[in-house]
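Note that these values count all heavy atoms, side chains included, but never hydrogens, waters or copies made by symmetry. Quick note on labels: first sequence line is chain A, next is B, and so on, each numbered from 1.
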There are 2 protein chains.
Amino acid sequence: MANPRDPSAAPFVVQRNLVDQVVDYLTEAILASRFAPGERLSEAGLAAELGISRAPVREAARLMESRGLLVSRPRRGFFVRTLDVAELSDVFDLRIGLERHAFERVMTRFDADTEQRLHRQISRLCEVAAGDDEGLKIEEDLAFHRLVFELADNARLARAFDDLSFELRLCITLITRTHETPESIAASHWRLLEALKSGDPQRCRDEVDYHIGVARDSVIERLAEHAGVSRG
Amino acid sequence: MANPRDPSAAPFVVQRNLVDQVVDYLTEAILASRFAPGERLSEAGLAAELGISRAPVREAARLMESRGLLVSRPRRGFFVRTLDVAELSDVFDLRIGLERHAFERVMTRFDADTEQRLHRQISRLCEVAAGDDEGLKIEEDLAFHRLVFELADNARLARAFDDLSFELRLCITLITRTHETPESIAASHWRLLEALKSGDPQRCRDEVDYHIGVARDSVIERLAEHAGVSRG
DNA sequence: CGATTGCCGACTGTCGACAGTTTGTGCCGA
DNA sequence: TCGGCACAAACTGTCGACAGTCGGCAATCG
């Protein structure tokens with residue numbers, strides 16, 4: 001599998017094609033709110049702006065549509081995804097379902113190496129949680145949960161989380177910043193690790209529900225504020 | 001919703017673009033095993049075969065890649081997805097996670113209308129289960145589970161199942177036919193409905209685990225037979 | 001003055017073409 | 001006979017262009 005001559009192996013020097021570059025560009029722009037939610041994106045306009053043809057732009061947009069960052073309307077083009085409270089709630093509810101399953105799988109194969117890797121990731125999270133880079137906090141938080149899915153040893157399950165993670169980023173970055181303190185972020189994740197160590201499925205499940213529930217409520221609350229502000 | 005004057009309603013005359021037609025054509029061909037697993041699909045070849053240009057073929061292939069029916073390798077093109085036992089097991093494990101969550105949600109909002117709709121769908125399943133159309137059996141079986149996700153009232157959760165369902169069809173159609181009897185298929189689904197009615201979460205979860213587990217084991221068993229046959 | 005109809009601009013869906021890359025093949029040397 | 005190298009064929013990634021369609025605007029009619 002790890003044989004360098006394996007033709008299916010990924011190349012060492014990743015030759016980034018235009019599509020991937022456009023995806024990164026658009027993803028970063030949307031998550032940084034440089035495109036307003038609901039804004040229409042013109043294929044030709046973007047292509048001209050980036051100095052390329054429409055083909056890679058179109059392909060990148062289709063990929064981002066499957067990731068839930070853009071929506072397409074036939075013959076109308078692509079629009080930046082907007083999320084109402086119901087959709088947002090659905091996203092976090094699905095996340096609860098996926099994480100419950102992932103944590104349960106990790107618990108059944110919990111060992112010293114698992115604990116060490118999770119421990120290290122929480123430490124990284126604690127480091128950035130003390131700083132001011134909100135984007136970095138989000139990424140390290142997601143990285144912890146991504147690690148859980150990796151340790152759950154189900155590639156398809158991990159991909160389901162990856163698919164959802166783009167929408168999660170969209171949810172989270174809709175709000176400007178988390179109001180959680182570095183201490184509460186750290187404590188919340190330590191409790192998740194403790195629950196895994198305990199081997200108690202019910203406790204682990206409750207902890208996951210609480211953890212995701214807090215994140216959901218926080219985002220919904222902020223969205224309500226935003227909506228109120230934008231209306232008033 | 002059903003108001004004909006609703007501007008957001010779907011148009012009566014659906015103008016199917018080439019991409020959708022190609023997706024249907026390729027999906028049907030793959031699930032009917034007219035393309036061998038692992039077979040390389042040439043964009044130009046398909047375009048010529050269908051009498052269209054490469055652009056819609058390429059776009060259709062990308063969509064099917066996101067659905068897990070094709071895989072693409074950079075500069076190599078598209079290949080029909082192959083599933084080994086590990087991947088297959090992952091797919092059904094994710095299905096268990098999603099269905100547990102969906103059934104739990106349905107249970108919390110179970111009412112007479114819910115029961116009636118599920119009842120009707122099982123009746124339809126029983127009708128076709130007695131016949132010889134294996135493809136129809138699969139579709140009605142999936143339709144029951146799709147209905148559960150619809151009743152779970154979470155669009156994102158339902159979409160996750162829809163995404164997975166293409167891979168499920170790929171798994172199921174890899175084997176030529178189910179060896180389950182019409183009676184066992186019916187009984188299995190009636191038990192799921194009874195579990196929902198009981199309002200007992202643990203019973204419902206156990207029933208779901210058993211139901212999906214049987215399907216998984218059946219597919220894995222058949223895949224092992226196939227592998228044995230194709231090797232010997 | 002409000003509603004309807006026809007027109008116009010902008011844009012998507014689709015097409016054919018070119019260049020760079022990868023794979024397969026045949027030749028040459030050991 | 002076998003391994004390495006070069007050549008050639010096929011294919012993908014990308015490009016520019018055209019036609020059909022959609023939404024908006026203005027002119028027209030009641």
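- Between the side chain of A/Arg81 and the backbone N or O of A/Gly68 there is at least one donor-acceptor pair closer than 3.5 Å.
- Among C/dG13, D/dC15, C/dT14, the nucleotide with an atom closest to any side-chain atom of A/Ile52 is D/dC15.
- Of the two residues contacting DNA chain D, namely B/Ala44 and A/Pro74, the nearest-nucleotide position lying further toward the 5' end is that of B/Ala44.
- Summarising the geometry, the separation between CG on A/Asn17 and P on C/dA19 is reported as 20 Å, rounded to the nearest angstrom.
- Ring centroids of B/His101 and A/His101 are separated by 6.0 Å or more, keeping the two rings apart.
- Atom CG in A/Leu41 sits about 14 Å away from atom C1' in C/dT12, given to the nearest Å.
- In this structure, A/Arg58 does not reach the C/dT12 phosphate: none of its side-chain N or O atoms is under 4.0 Å from OP1 or OP2.
- Side-chain polar atoms of B/Thr114 and B/Asp111 form a donor-acceptor pair below 3.5 angstrom.
- Going from atom CZ of A/Arg73 over to atom C1' of C/dA10 covers 15 Å, rounded to whole Å.
- With B/Asp163 contributing its side chain and B/Arg67 its backbone, the two residues share no donor-acceptor pair below 3.5 Å.
- Regarding B/Phe78, its CZ atom lies at a distance of 8 Å from the P atom of D/dT12, rounded to whole Å.
- Judged by distance alone with a 3.5 Å cut-off, no donor-acceptor contact links the side chain of A/Arg40 to the base of D/dG23.
- Side-chain atoms of B/Asp162 and B/Ser165 form no donor-acceptor pair, as typed in the model, at a separation below 3.5 Å.
- Nucleic acid contact for A/Arg76: sugar-phosphate only, since backbone atoms but no base atoms lie under 4.0 Å from a heavy atom of the residue.
- Going from atom CD of B/Glu39 over to atom P of D/dC11 covers 13 Å, rounded to whole Å.
- Atom CD of B/Glu43 and atom C1' of C/dT21 are 14 Å apart (whole Å).
- Look at CG on B/Leu46: it is 14 Å from C1' on D/dT12, rounded to the nearest Å.
- In this structure, B/Arg54 and B/Glu59 both approach DNA chain C, and ranking their closest nucleotides by distance from the 5' end singles out B/Glu59.
- Across the protein-nucleic acid pair, A/Leu18 atom CG and C/dT21 atom P stand 13 Å apart, rounded to whole Å.
- Side-chain N/O atoms of A/Arg75 and base N/O atoms of D/dG23 include no donor-acceptor pair closer than 3.5 Å.
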